[in-house]
Amino acid sequence: MTELMNTPVAVIAEEHPYCMDYFRSVGVSIADTELTPREIIDALDNEALEDKGFSKEQISSHFIEFLKQAAMLKSTAERSVHSVTIVGGFDKSGTPENFELILKPGDIVCIVGTTGSGKSRLLADIECFAQKDTPTGRTVMVNGKILDGEDRFRLENKLVAQLSQNMNFVVDMSVGEFIAMHAASRMIPDIEATVEAVITCANELAGETFTYETALTQLSGGQSRALMIADTAMLSSSPIVLIDEIENAGVDRRKALELLVKEEKIVLMSTHDPILALMGNRRLAIHNGGVKKVIETDREELAGLEILQCVDEKLMQLRTMLRAGEKISLDMKKFFEL
Amino acid sequence: MTELMNTPVAVIAEEHPYCMDYFRSVGVSIADTELTPREIIDALDNEALEDKGFSKEQISSHFIEFLKQAAMLKSTAERSVHSVTIVGGFDKSGTPENFELILKPGDIVCIVGTTGSGKSRLLADIECFAQKDTPTGRTVMVNGKILDGEDRFRLENKLVAQLSQNMNFVVDMSVGEFIAMHAASRMIPDIEATVEAVITCANELAGETFTYETALTQLSGGQSRALMIADTAMLSSSPIVLIDEIENAGVDRRKALELLVKEEKIVLMSTHDPILALMGNRRLAIHNGGVKKVIETDREELAGLEILQCVDEKLMQLRTMLRAGEKISLDMKKFFEL
Amino acid sequence: MKLVTVAGPPSAGKTAVIIKTAVHLKKIYSKIGVVKFDCLSTSDHLLYKKAGISVVTGLSGNLCPDHYFVSNIDDCLQWAKKKGFDMLISESAGLCNRCSPHIKEIPAVCVIDCLAGAETPKKIGPMLRYADTVAVTKGDIVSQAEREVFSFRVRQANPKASVIFVNGITGQGAYDLSHAFSKATDVDSLEGAKLRFSVPAAICPYCVGEMTIGTDHQKGNVKKMVFKEVEEAAV
Amino acid sequence: MKLVTVAGPPSAGKTAVIIKTAVHLKKIYSKIGVVKFDCLSTSDHLLYKKAGISVVTGLSGNLCPDHYFVSNIDDCLQWAKKKGFDMLISESAGLCNRCSPHIKEIPAVCVIDCLAGAETPKKIGPMLRYADTVAVTKGDIVSQAEREVFSFRVRQANPKASVIFVNGITGQGAYDLSHAFSKATDVDSLEGAKLRFSVPAAICPYCVGEMTIGTDHQKGNVKKMVFKEVEEAAV
């Protein structure tokens, strides 16, 4: 790594475009890109560094480490997850769950059960790749293998993206600026095109459009849900998406799931919305802390789903009328005839 | 007020039970309630106070001020709002709105319009009692009168309680502990009974029950919405409730509104949910920053509402089935016949 | 020249609150300047710049931030006078709960956010207790009940201050807050002005850069802990 | 005796994180103690007590909190040894961004919350940059995108640390964090141990309680601001 320290930053930047960003983040502006990191760091004023809480050694070693990590981040983007296996443990009374579930990219699995039945515990088991060492005694494997100690904690939640009703955008930025920041942190080469794609996609999911300039915190409930889904599908590195009670009517739920499936995500969704639940390939019924049943969505249920979607479509029409300030003057009974 | 300083705290506590709480909050424990505030404060160690960032003068003057404010808080609980009047201003293009709306306790007014149409601006005008000095040029009066400068800023948001989809409970406490804390801050005499009433009521609104001991942050989406509504209705001092896009299916919306009406609140609700919108006595259609129409909910719409509630009831039944881990094996078309 | 001191814990939203308040202040005062005090680095000056507000930054670096503030606030006032400002607002990071930049006779604002928990008003100390106005932020993402409890707790910590909920993003409440700012009277110099409360004291070897632990390295104003178990622990 | 230092900005959720981590640590170490450093007051000892963890509180009062920490941490270790603890965890309020309680050879944890904004990791300074492990809290109420950006920014500020998302309420992630704690090796005394970075320096009249503003009252280690306009302002 010493050679990196003696290479002009202009040369380093060809392979590691974010290297300039590192210097900016420690408050160092580079006047001449022909200088090497060693020369740049040596020229810094010791007292000024001390004031800022830095030291030259730390900047050098952090710089090298950051480039290493960034390179790793790029390569993990290509890391592939072919399957996630969940092997049952025990419910709260100690009764064995007796199930083994293999999830593949594009699968949608719903989780149903009353509050407190143990849904979040299942999601937590997946998030930490349980190895019989969580209260449920479940085992979670990736690509059929148990992750060994180092791997398990190195991944640092990167396999799992989460989406829930409680989540808000809190940063005070425009949609475009922020999505660009996210894309940059993912080392994506064509940031501009990516940002446009994410916004277009989010607008397709939301009923009402927003632009690059809209402030994140001004998005309506439906719009921010839509943006979270589009961003998670297209920009998050995580192959698994955990969705918790996201039933907001402002989002086209069918399109949202189609998008996640198209992007080869493994989707686990905790929901009581009949439409969402029946859109899943399977659902896990949870009771007393354990998985009681694994229900495959069958033909009969799928037929019911079509009817449900008709009803939903009608409710959407009423919303559109309301939003436009119209009177709801129609024969409602007739309107709901299927 | 000097006599207060020379009255034994035991005597003060009869009229001002929270006076002990004040001393606790500044880290002073009272061994003998026969002592007067003056004696207690005089006995404090100057150096220890300096360490804690206090001074004796400050504690004395804050103590008196706190009792004054607490007494005021008690009396404002009885302050009555008979009406709120909104006088129209201009839309974004400068066109006059030409409306005057009088709201009375028990009224429900819905606000409809697309995102960005100006709904939040209207809510903000009400919150700050606009006096032609906000961008919309609207005027908001209480009991038919314009609030003068001091009154307007003294009220410190106390006339308006807010409820929105973005709001979460964030404190790490049990439901019971927290509601008791809220009741105590409202100077309510029978805290225990109040807490029980709020929890019972919230459980009636939510589909699934929770107890005194449940942690606030473990409540499901529907449960926490239900608790927020019950608490706002029964414990908030604010006569006006602004509700923003709260359409969560986990709450019995009809009961929630009935509760707010029963508690004599003036309810303003921004929503696109047909059931909620038709439950209102009136709705304001907003477009381009201005109120375009004031629509009274008529007989025809109310007839439609009944049908909508039937449809909603059926959707709820499906949710209950899902939650219980059942298969949705039914003739969906027949199920939705009205 | 009018001066207002604004302080609050890190990330409470001080900059956003000042920017939203300045929108209303600009209708009264034509030139408003801000001095932003921070420790190591800040990019908030860019936010002020974007909002069209003149700003200088003071970084205390390896000095105690509070002492740095007191040593420089009068120079800031003189700078603002030279620039012809009508009002100068000082924003200090308010890092240590023990500190407080508030000056006698100068309107003092404390910004805190209600996500910080119901115990926070009690813990914040002189920065909150000596403020004239308390601006509470981030109320839009907690429940109404938590807002009410929080505002009660603030009132308990400082019954003399007025409490205003301000949304740093939408600006809701900033109009009300601007009234507190506009109570400032003209001040020519702070020479001889008094702080409302003393800043934290410190004279020990660690004040001059000592990095080694141990009694041999401790001289001067050293305070030793008393190891009382939890039952009697300080509240 | 093992020692771990935990630091972080106020309200980041340090106490909750330690309590949730201790649940897992208790399976390895039978007796765990905590020393809670704060400024004016704290009620966190009650939370520890409720969780069955022995705790002492150290309040720095009118002393600089960082200096107070260095002057007392070895005494804390000796107390913990006497009590027969297997592990001592120090929780310090990490008030000033310039400060850092982290000690060479002792596992160092920094707790920050992702509500604080994307610029925060850059601003936090040595407390974050010299940590071995960074625990990020409050990830459950922001978007996945913000979590990812925040964790990237943390990595930029300290590429050597491992970053773990911990939910202080549900305890999610605490199991992973407990692994970082269990890397601590035995330490007998901190006499002669070195801080990873110097604490803020300060010797001026304000260190001994001066409350008056003005150059007549300023002597010693006084640093004066340079009034550069925003374009050149420090970053």
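Proteins come first, then strands; the chains are lettered A, B, ... in the order of their sequence lines, and each starts at number 1. Note: hydrogens, waters and symmetry copies are ignored here, and every other heavy atom, side chains too, is used.
The main-chain N or O of A/Val170 is found under 3.5 Å from a side-chain atom of D/Glu146 such that the two form a donor-acceptor pair. Looking at A/Gln58, its side chain does come within 3.5 Å of a backbone N or O of D/Arg129 through a donor-acceptor pair. Between the D/Arg147 side chain and the A/Gln162 main chain, a donor and an acceptor come within less than 3.5 Å of each other. Not one N or O on the side chain of D/Gln144 forms a donor-acceptor pair closer than 3.5 Å with the backbone of A/Thr232.
Contacts between A/Asp244 and chain D at a heavy-atom distance below 4.5 Å are absent for every atom of the residue. Proximity to chain D (any heavy atom under 4.5 Å) is shown, for A/Ser29, by neither the backbone nor the side chain. Interface residue A/Ser55: backbone and side-chain heavy atoms are both found under 4.5 Å from chain D. Interface residue A/Asn168: backbone and side-chain heavy atoms are both found under 4.5 Å from chain D. Heavy atoms closer than 4.5 Å to chain A are found in the backbone of D/Ala157, but not in its side chain.
Side-chain contact of D/Glu148 with A/Ser236: a donor-acceptor pair under 3.5 Å is present, judged by distance alone. Judged purely by distance below 3.5 Å, without hydrogens or angles, the side chains of D/Gln156 and A/Asp21 pair a donor atom with an acceptor atom.
Residue-environment remark: NZ (A/Lys56) exceeds the threshold of 12 foreign heavy atoms within 6.0 Å. Taking a 6.0 Å sphere around NZ of D/Lys50, one finds it holds 12 or fewer heavy atoms contributed by other residues, nucleotides or ligands.
Within the 4.5 Å cutoff, the side chain of A/Met187 has heavy atoms near those of the D/Phe152 side chain.
The nearest pair of heavy atoms linking A/Asp231 to D/Ala145 is OD1-CB, 3.2 Å.
To the nearest 0.5 Å, the span separating CE on A/Met167 from OG on D/Ser143 amounts to 8.5 Å.
Note on A/Ser25, A/Ser164, A/Ala124: by heavy-atom pairs under 4.5 Å with chain D, the leading option is A/Ser25. With respect to chain A, the highest number of heavy-atom pairs below 4.5 Å among D/Asn158, D/Asn167, D/Val142, D/Leu115 belongs to D/Val142. Among the candidates A/Ser224, A/Ser61, A/Ala184, the residue making the largest number of heavy-atom pairs closer than 4.5 Å to chain D is A/Ser61.
For A/Arg138, the salt bridge (charged side-chain N to carboxylate O under 4.0 Å, His left out) test picks out A/Glu97, A/Asp125, with sequence neighbours left out. Partners of A/Glu264 under the salt bridge (charged side-chain N to carboxylate O under 4.0 Å, His left out) rule, at least two apart in sequence or in another chain, do not exist in this structure.
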Checklist line | Candidate pair D/Arg153 and A/Met181, rule side-chain contact (heavy atoms from CB on, under 4.5 Å), full reasoning | finding: CA-CA 10 Å; D/Arg153 290 293 171 107; A/Met181 196 189 243; 3.1 Å; yes
